[in-house]
Amino acid sequence: MSALQELLEQLHGEAAKTLLERLKGGKATAAEIAQAINLLKHNGIQCDSKPGSILDEISKDLENYQAGNTIN
């Protein structure tokens, strides 16, 4: 592995750690949340929502919003 590749991997890891710390601490901005989502997407990481999970609820709310319905 080249020194540059090693440095880039370290940078990637530290950026991920920093985003995670901000998210866990409740201090992440909307832009940081978007960056965390992009980081996950760019690395092929996705999560399937299970019935009753928070992701399932968000998905239902989004569908209702797109249909013009009231969100609970």
Side-chain angles (χ1 to χ4, degrees):
M1 176 181 307
S2 74
L4 178 58
Q5 185 176 357
E6 216 172 284
L7 181 62
L8 292 174
E9 285 183 10
Q10 184 180 1
L11 178 62
H12 190 263
E14 290 302 316
K17 285 180 198 175
T18 299
L19 282 170
L20 183 58
E21 287 171 7
R22 298 222 8 111
L23 286 165
K24 284 183 172 181
K27 297 181 180 183
T29 64
E32 289 169 327
I33 293 169
Q35 287 302 316
I37 291 168
N38 282 330
L39 182 65
L40 293 170
K41 283 182 183 179
H42 287 282
N43 286 281
I45 299 169
Q46 56 187 16
C47 179
D48 295 326
S49 62
K50 296 176 183 164
S53 71
I54 189 67
L55 290 176
D56 185 47
E57 295 301 317
I58 292 170
S59 177
K60 288 177 185 175
D61 284 346
L62 180 58
E63 288 173 11
N64 283 328
Y65 175 77
Q66 290 174 333
N69 299 327
T70 303
I71 297 175
N72 298 328

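Just so it is clear, the model here is predicted, and its values are computed rather than measured. The figures that follow rest on heavy atoms only: side chains count, while hydrogens, waters and symmetry mates do not.
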With [X] via side chain to side chain donor-acceptor pair (under 3.5 Å) - residues at least two apart:
X   : answer
E14 : K17
K41 : none
N43 : H12

Q. Between T29 and R22, which heavy-atom pair has the shortest distance, and what is it?
A. CG2-NH2, 4.3 Å

**Q.** Minimum heavy-atom distance between I33 and A28, given as atom pair plus value
**A.** CG1-CB, 4.0 Å

**Q.** Point-to-point distance, once rounded to the nearest 0.5 Å, from CD1 of I58 to NZ of K60
**A.** 12.0 Å

Q | L55 side, atom CG; L62 side, atom CG - distance, nearest 0.5 Å | A | 12.0 Å

**Q.** ILVMFWY cluster, L39 and L23 together (side-chain gap under 4.5 Å)
**A.** no

